[in-house]
Amino acid sequence: QVRLVESGGGSVQAGGSLRLSCATSGYNYNRDCMGWFRQAPGKEREGVAGSVKNPRYADSVKGRFTISQDNAKNTLYLQMNSLKPEDTAMYYCAANPYCPYWPYSQAAFQWWGQGTQVTVSS
């Protein structure tokens, strides 16, 4: 059974940093097929970052966010720097038995974590 568990969210002031983690279990597929999404109230779930091998990022986070992984720990990361209030959202990691194409859509992913809240104050 595939399980994804996010952690590392919290409340920070604008300009601060957070590192999100996504611990995986039962996932025996290419971790490069995983990605990060976020969803703010009243908005669609948005693909933020994906493909560690060939990283892709939403325009709104380019230069500030970095996706990475530690295969020994079965963990995917999202380093978030220079955070802005508009980054406030619930952040999710997602996985699939095959690699979707960028830009990522919610419908393309089969497995999801429970989400971790990121709140950035002015």
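The chain is numbered in sequence order, starting from 1. Given the structure is predicted, the values throughout are model-derived calculations rather than measurements.
- Under the rule for a ring pair (Phe, Tyr, Trp, His ring centres under 6.0 Å), the partners of Phe37 that lie at least two apart in sequence or sit in another chain are Phe109, Trp112.
- Of the inter-residue distances, the one linking Cys99 atom SG with Lys53 atom NZ reads 9.5 Å to the nearest 0.5 angstrom.
- The side-chain heavy atoms of Pro97 and Gln110, taken from C-beta on, include a pair separated by under 4.5 Å.
- Taking every heavy atom of both residues into account, Met90 and Gly115 meet most closely at SD-C, 3.7 Å.
- Annotation for Phe65 and Val48: closest pair CD2-CG1, 3.6 Å, computed over non-hydrogen atoms.
- Within the structure, side chain to side chain donor-acceptor pair (under 3.5 Å) contacts touching residues 10-26 (residues at least two apart or in different chains) are Ser17-Asn81, Thr24-Arg31.
- When atom types are taken as modelled, the side chain of Glu6 and the backbone of Leu20 share no donor-acceptor pair closer than 3.5 angstrom.
- Applying the salt bridge (charged side-chain N to carboxylate O under 4.0 Å, His left out) test to pairs two or more places apart or on separate chains, those with a residue in residues 63-85 are Arg64-Asp87.
- Using modelled atom types, no side-chain atom of Tyr104 and backbone atom of Ala107 make a donor-acceptor pair closer than 3.5 Å.
- Here the side chains of Ile67 and Tyr57 are in contact, with some heavy-atom distance below 4.5 Å.
- Minimum heavy-atom separation, Arg38 to Tyr91: NH1-OH, 3.0 Å.
- Contact between Pro100 and Tyr98 at its shortest, heavy atoms only, is CD-O, 3.1 Å.
- For the pair Met34 and Cys22, the minimum side-chain heavy-atom distance is below 4.5 Å.
- The minimum heavy-atom distance linking Leu78 with Ala49 is given by the pair CD1-CB, 3.9 Å.
- Considering all non-hydrogen atoms of both residues, Glu46 and Ala58 come closest at OE2-CB, 4.1 Å.
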